[in-house]
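Residue numbers begin at 1 in each chain, while the letters A, B, ... track the order of the sequences. Side chains are part of it too, since the values below use all heavy atoms of this structure and drop only hydrogens, waters and symmetry mates.
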Number of protein chains: 2
Amino acid sequence: MTKKTPEDAFEAVRKVFTEYLEKHGHRKTPERFTILKEIFATEGHFDIETLYIRMKNHKYRVSRATLYNTIELLLDCGLVTKHQFGTNYAQFEKSTKLRQHDHFIFNDNGDVIEFYDPRIEEIRTSLEKTYSVEVTNYSLTFYGHPRTKK
Amino acid sequence: MTKKTPEDAFEAVRKVFTEYLEKHGHRKTPERFTILKEIFATEGHFDIETLYIRMKNHKYRVSRATLYNTIELLLDCGLVTKHQFGTNYAQFEKSTKLRQHDHFIFNDNGDVIEFYDPRIEEIRTSLEKTYSVEVTNYSLTFYGHPRTKK
DNA sequence: TTAGATGCAAACGGTTTGCAGGGAA
DNA sequence: TTCCCTGCAAACCGTTTGCATCTAA
């Protein structure tokens, strides 16, 4: 068994997007794949403006409208996750489905810690049972600061 | 022991706000108390625009600027809670501190179920221990739809 | 008396929309 | 060739800011 290279991983992602586009009758434009690539080369969270600047710096000709449009598609096919950390602009994150996690945000500078606690699944399950609903997604975010020394 | 009337309850709230204003050297203007009263007469969630319209309908002369300003104070003294349910406008809710709860949002119409699961406190505690942080507040929201029948 | 609050309207900034031109199918 | 997609810029809309006026202290 051979180890997967990052290139292999991105190929898998590209394939997911391609199949999604085909299934929904959307065109496979070069812009869409360029944006996908740029996002998957990004670690951590980003917002549209940051992505726009980064692509401009990389000499890509792209418009914000296309970024919003494409992000919408990527959200729909589950390759990207959207967060609204209490600000009035959205932040996004590539979602590899490999590592489900939630967030702790530092109040002062917006830094992010990612964590995972399986008990969230228990809460989800009992919620679904109690109210006869089906959860499609959720958001758990803690806010705070470093523990102060006594 | 006599039962508390809603009026008593609001008096307690008014007192919290009054003391907060005094402590921080803010003026006790009639506008601020009118807004407080209007908010505590509101069930469920609301946004600034809705509150503004409601107060206009009640023939109050108030500006959006003052609403934003006052909400900020109410958030600071813990009488109101802010939510950002994935939309780009904020929603608020009076917080009585009597019933801590989280939310389930119906994807199609934005309806809200409030629930409480104590396991969230366990998650919070282990997060604080693991990362040496102190949680000041958090947001847990599930999104979904009614369970489909088989 | 005076510094903080208010109402109004303009500014701000992230997101959405309209439209002419371009390119995937 | 068709019509979906793109880039650009204007519009949109929730929120913030500037300023003249008012008022709680």
Please give, in whole Å, the distance from D:dT15 P to A:Q84 CD? 11 Å
Starting at the 5' end of DNA chain C, which residue's closest nucleotide do you reach first, B:A65 or B:G25? B:G25
Whole angstrom value for the distance that separates P of C:dT15 from CG of A:L75: 12 Å
Let me check something: any side-chain donor-acceptor pairs from residues 25-33 of chain B under 3.5 Å, sequence neighbours excluded? List them with distances.
{"residue": "B:K28", "atom": "NZ", "partner": "B:E22", "partner atom": "OE2", "Å": "3.0"}
{"residue": "B:T29", "atom": "OG1", "partner": "B:R32", "partner atom": "N", "Å": "3.3"}
{"residue": "B:R32", "atom": "NH1", "partner": "B:R27", "partner atom": "O", "Å": "2.7"}

How long is the line joining CG of A:L67 and P of D:dC5, in whole Å? 16 Å
Protein within reach of the bases, or only the backbone? For nucleotides 19-25 of chain D, mark each nucleotide 5' to 3' as B, S or -, using heavy atoms under 4.0 Å. ----BBS
Do you know the tightest heavy-atom contact between A:G86 and B:K82? O-NZ, 4.4 Å
A:R61 CZ - D:dG7 C1' separation (whole Å): 6 Å
Any side-chain donor near an acceptor of the partner, B:H103 and B:Q91, under 3.5 Å: no
Take atom OH of A:Y60 as the centre, draw a 6.0 Å sphere, and report whether it contains more than 12 heavy atoms from other residues, nucleotides or ligands. no
Measure the acute angle between the ring planes of B:F85 and B:H45, then classify it against the limits of 30° and 60° as parallel, tilted or perpendicular. perpendicular
Rounded to whole Å, how long is the line connecting atom NZ of B:K82 with atom C1' of D:dG14? 11 Å
Does C:dG7 have OP1 or OP2 under 4.0 Å away from a side-chain N or O of B:T66? yes
Atom-to-atom span, CZ of A:R32 to P of D:dC4 - whole angstrom: 12 Å
When all nucleic acid strands are considered with a 4.0 Å heavy-atom cut-off, which category describes A:Y89: base, sugar-phosphate, or nothing? sugar-phosphate
Taking OP1 and OP2 of C:dT15, is either one under 4.0 Å from a side-chain nitrogen or oxygen of A:Y68? yes
With a 4.0 Å cut-off on N to O distance, would you call A:R119 and A:E122 a salt bridge? no
Taken to the nearest whole Å, OH/A:Y52 to P/D:dG7 is 9 Å
Winner on side-chain proximity to A:N88, out of D:dT15, D:dG7, C:dC8, is D:dT15
State, with a plain yes or no, whether a side-chain heavy atom of A:M55 is found less than 4.5 Å away from one of A:I35. yes
OP1, OP2 of D:dT6 versus side-chain N and O of A:N69: anything below 4.0 Å? yes
Out of C:dC8, D:dC8, D:dT15, which has the shortest distance to the side chain of A:K56? D:dC8
To the nearest angstrom, how far is B:I35 atom CD1 from C:dA5 atom P? 13 Å
